[in-house]
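Have a look at the structure below, then the notes.
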Amino acid sequence: MLIRLDPNSPDPLFVQLAAAVRGAVARGEVRAGERLPGARDLAASLGLNVHTVLRGYQQLRNEGLVELRRGRGAVVTDRAETGHAALHSAVAQVVAHAKRVGLSADDLVDLIRTEFT
């Protein structure tokens, strides 16, 4: 799992970290039951404070995507894969519908961005 953070992003580093893990799960790079890198190791490799990594992991725990286990670290839950699989299915349906009505990929992305704001 490759994690890239952008120090120039307006999003806090812990939010970017959580998003990177979510993306890895969505792409199938990380599966249910797999352990995420230890907070200290990940912090060292990314040049972050360990508390930043823990805060990102806690955000994922609050979303139900990982379990934090003392001595075992962060473990991806079954819910993470199921939720992302459902999202992929929904996105595929939206893309198919957009194509049927003649929407370009850029127009669809703009529409999605509008919904997020």
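Numbers here are sequence positions counted from 1.
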Does atom CZ of R27 have more than 12 heavy-atom neighbours, drawn from other residues, nucleotides or ligands, at distances under 6.0 Å?
->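 Counting neighbours around CZ of R27, more than 12 heavy atoms of other residues, nucleotides or ligands fall under 6.0 Å, so yes.
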Just wondering, are more than 12 heavy atoms of other shown residues or ligands nearer than 6.0 Å to CZ in R55?
->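 Not buried by this count: 12 neighbours or fewer within 6.0 Å.
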Cluster link [X] to [Y], ILVMFWY, side chain under 4.5 Å:
X   : Y    : answer
F14 : V21  : no
V30 : L54  : no
V91 : L103 : yes
V66 : L46  : yes
L68 : L17  : yes

With sequence neighbours excluded, residues passing salt bridge (Lys or Arg N to Asp or Glu O under 4.0 Å) with R100 |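 Partners of R100 by the salt bridge (Lys or Arg N to Asp or Glu O under 4.0 Å) criterion come out as none, since no residue qualifies.
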If you round to the nearest 0.5 Å, how far is [atom2] of [Y] from [atom1] of [X]?
X   : Y   : atom1 : atom2 : answer
L36 : L60 : CG    : CG    : 7.5 Å
L13 : N49 : CG    : CG    : 10.5 Å
L42 : Y57 : CG    : OH    : 4.5 Å

Nearest atoms (heavy-atom pairs only) where G56 meets A18 =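 Distance-wise, the nearest heavy atoms are O-CB, 3.9 Å.
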Check D11 against Q16 and note the closest heavy-atom contact, atom names and distance.
->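 Heavy atoms only, the tightest pair is O-NE2, 2.9 Å.
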Note: R72-E67 ion pair, threshold 4.0 Å (strictly below) |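 No salt bridge links R72 with E67.
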Side chains of R22 and Q59 in contact at under 4.5 Å (non-hydrogen atoms) =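 In short, these two side chains touch, coming nearer than 4.5 Å.
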Below 4.5 Å, heavy atoms only, C-beta onward: do V75 and R69 meet side chain to side chain?
->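 With C-beta onward as the side chain, the pair touches.
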Side-chain atoms of residues 107-117: list all donor-acceptor pairs with protein atoms under 3.5 Å, sequence neighbours left out, distances to 0.1 Å.
residue: D107; atom: OD2; partner: S104; partner atom: OG; Å: 3.2
residue: T114; atom: OG1; partner: D110; partner atom: O; Å: 2.9
residue: T117; atom: OG1; partner: T114; partner atom: O; Å: 2.9

